[in-house]
Amino acid sequence: MGKLGAVAAMGGAVLVLVLGLAGWMRPPLPAAQGGGTISGKVKFTGAKPTMRKIDMSEEPKCKAKYTAAPPTDEAVVVNANGTLADVFVYVKSGLPASYKAPAPGGPVTLDQDGCRYHPHVLGILVGQSLAIKNSDGVLHNIKAKGTKNRPFNISQPTVMTSDRTFTAPEVMVPLECNVHGWMHAWLGVLPHPFFSITGTDGAFTIKGLPPGTYTVEAWQEKYGTQTATVTVAGSETKTADFSFAAK
Amino acid sequence: MTASRAGLALFLALVRVPFPVSRLPAQDTTKGKAVYVKWCAGCHGDGGAGDGTAAGHMLPRPRNFTGAIYKIRTTASGQLPTDADLMRAIDEGLPGSAMPAWKGRLSDAERRDVAAYIKTFSSFFADTSQHVAPLKFSSEPSGGTGATALKTGRQFYDSIGCRKCHGDQGRGDGPSAPTLKDDAGFPIFAADLHQSWRFRGGGSAADIYRRLRTGLDGTPMPSFSDLIDQKFLTDEQLWRLAQYVRSLSPPESPEVRDVIHAPQIAGTVPVSPDDSVWGRVSRYWFPLVGQVVRKARWFAPAVTGVWVQAVHDGHTLALRVSWDDRTQSPDSAWLGFEQRVLETVAGDDSAPPPPKAEPWPDQLAVQFPRHIPAGTERPYFLMGSETDPVYQWRWTSRPRRSVAGLARGIERFDTLPGAPAGQASFDHGEWRLVLTRALATPDTANEVQLEAGRAIPVAFFGWDGSSGEHGSRMAVSTWYFLALDRPTPPGVFISPVLAMLVTLGLGLVVVRRAQRRGTVRAGRQR
């Protein structure tokens, strides 16, 4: 019995270790296979706003990276198909109380290149590492101005990467550079991986949702937020489209 | 809120009122609240949001305690301050802001209690997962004022981009400076590194080193600790940078002296602000404050003081005034900043809404009474009055000219025909102006006659156009004195020698007589 018990205990320990490792190694996105999916598009109606041109004369190294067209403000990015890019779509509420987020995977990278943030809008899990990279090699400072998270403001005068984490869910944490007043990025900090950011097609997909009824919110830098209520069961895919109008 | 009440609040904040010292358990938030409501809420607001009734008149604004974001800490960027950090701000105040030192004004227990109460405005302080530990600071390496150390410091000043905001010579005039905002969106000035006595967290090299390590949370000033971790620079090199920054200010905070001594020099007076003569003449510091007596009042003066030097040659006076100003106004790069300052700083209730930013010039005024007073009576310091006008020299950066005239209060200025000669230069955030005028002029009724050996009352006014300053929105000083030293008459040197010779001669006579008598007496005794 004693031997058997020891073997069982060891087996159990190995199992826990393997499961733990699997959990640890699994990237947060996409989340668990299976489950429900919410997808859709973020449309834009009305006159496309003209975005302010950014004068990067004070930073020739950055300015040189825009040979085709001068850089413009990124507050509203309307795609060719009339949809919006850089909209943060996420599950605001509805997850079962028993839901446990996977352990955060590797770092999410925010790059400073051409005196702009790449990406302009990004999401991260609580506790996950944000790797803040300065590819420009010119002086940037990066300041996080959350209210639920403690702020930070670090200097990066050279090509380097700094890591920071966030302790509390917050949509959104504004990130900015004070050396270059035009540099803004937005970070959604969530306790779960159910978020998606629209790209050049204006589409988003949130996968792996447990069955339930969810409040899904779409956040846009200039136009604010919109919500939709979506119920998913099993592995079905539900559509939720959003539409922001010009102001 | 009337402006007079704002003034009263400010006055009360600066006046010591004795308090009975009661024995209390350490950190009593109930008692702390009572202290807060009485002494702090006027600026910081009942709810601690930095929005008290006087807050609108202040730049920088009073701290908003609800976010628990503090500039002056010993902790890493973004971390909560330690209790000792909070106590330091309360005890010593924040130089260069409206926050006075409360040590000596409030008892030890009251200051501890109010610190505890301030922490209740944010849930972060109750959150036990928040890690509050001071950074480990090394001690200052020696040789910090040596040329090698300062050279190293300057190298890092350039390589880590300090000049982007603080400017090439450190006067807060860097290319990014006019775009700066604090976390609340209010305009914020990059610190003028030539005025270490106004640094919020203290002006020593050690204070500066700490600010470089921790950053100033809530402001654009970041932390440089990551650079040490990543071996971009060493801890010692960061110290050298701190020591270099310290070297930009005078070794000691300037003391305000009442009298400007203008020595008489041989030859003619220098007319250029960069003449080598000025390097050999004492300079005097006079602080300026916002004009808050008359409408429209101004609570955020940009010109914080002037350095003054004076010489004369027996016929002409040369007065050199230099002051720090981030811009050679009007400066189109600063127009947006100017507008934000005007929108942020309330003038007073009845003042019309701030005018749309105009390209105002920089200005300086030097004020004298029309006649040197025989007694202590002087005209009203704030540009005289209708019945008792003052004689002023006024200089503007654009058009670049200086005029003389009579001011009858702030609103009225009548130009006189005789203007002082003016020569000004602007260099990396500093104006240097020399005004020259004959000591004696034909218009003795209106123009002060500058007599040597008299105490001539003098006052100064400054405007920074790029901060939206014009008219009554200005920085003012009180009356001081200008004394034109007389050349030392030769008698001063000869008389003591004569007196000594006479004394010596008389002494010898006395001794001789005494000796002679002694000899006579001795002869008789024999």
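To find a chain, count down the sequence lines: A is the first, B the second, and so on, and within it residues start at 1.
- Contact annotation for residues 61-78 of chain A against chain B (heavy-atom separation below 4.5 Å): no residues qualify.
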Chi angles and distances behind the side chain to side chain contact (heavy atoms under 4.5 Å, CB included) call for E58(A), S176(B): CA-CA 9 Å; E58(A) 65 172 270; S176(B) 298; 3.7 Å; yes
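- Minimum heavy-atom separation, N178(A) to K181(B): ND2-O, 4.5 Å.
- With a threshold of 4.5 angstrom between heavy atoms, Q130(B) approaches chain A through side-chain atoms but not through N, CA, C or O.
- In this structure, CG in D226(B) is found 11.5 Å from CD1 in I142(A), a value given to the nearest 0.5 Å.
- One N or O on the side chain of K143(A) and one on the backbone of T219(B) form a donor-acceptor pair closer than 3.5 Å.
- Note that NZ of K164(B) is 11.5 Å distant from CG of N141(A), once rounded to the nearest 0.5 Å.
- Among T179(B), I160(B), T66(B), the residue making the largest number of heavy-atom pairs under 4.5 Å with chain A is I160(B).
- Here ring-ring contact (aromatic ring centres under 6.0 Å, His included) pairs that include residues 171-191 of chain B, with residues two or more places apart or in two chains, are F189(B)-F337(B).
- With a 6.0 Å radius and a threshold of 12 heavy atoms from other residues, nucleotides or ligands, K71(B) has its NZ atom above the threshold.
- Below 4.5 Å, heavy atoms of chain B meet heavy atoms from P151(A), F152(A), N153(A), I154(A), S155(A), P157(A), T158(A), M160(A), T161(A), S162(A), R164(A), all part of residues 151-173 of chain A.
- Only the backbone of S159(B) has a heavy atom closer than 4.5 Å to any heavy atom of chain A.
- Across every non-hydrogen atom of R150(A) and F124(B), the tightest pair is NH1-CD1, 3.3 Å.
- Of the listed residues (D229(B), D217(B), L80(B)), the one with the most heavy-atom contacts under 4.5 Å to chain A is L80(B).
- Applying the 6.0 Å contact sphere to NZ of K119(B) captures more than 12 heavy atoms from other residues, nucleotides or ligands.
- With respect to chain A, the highest number of heavy-atom pairs below 4.5 Å among G215(B), P175(B), S225(B), A68(B) belongs to A68(B).
- Taking H166(B) as the reference, nothing meets the ring-ring contact (aromatic ring centres under 6.0 Å, His included) condition, with sequence neighbours excluded.
- Both the backbone and the side chain of I69(B) have a heavy atom closer than 4.5 Å to some heavy atom of chain A.
- Within the 4.5 angstrom heavy-atom criterion, no atom of A76(B) approaches chain A.
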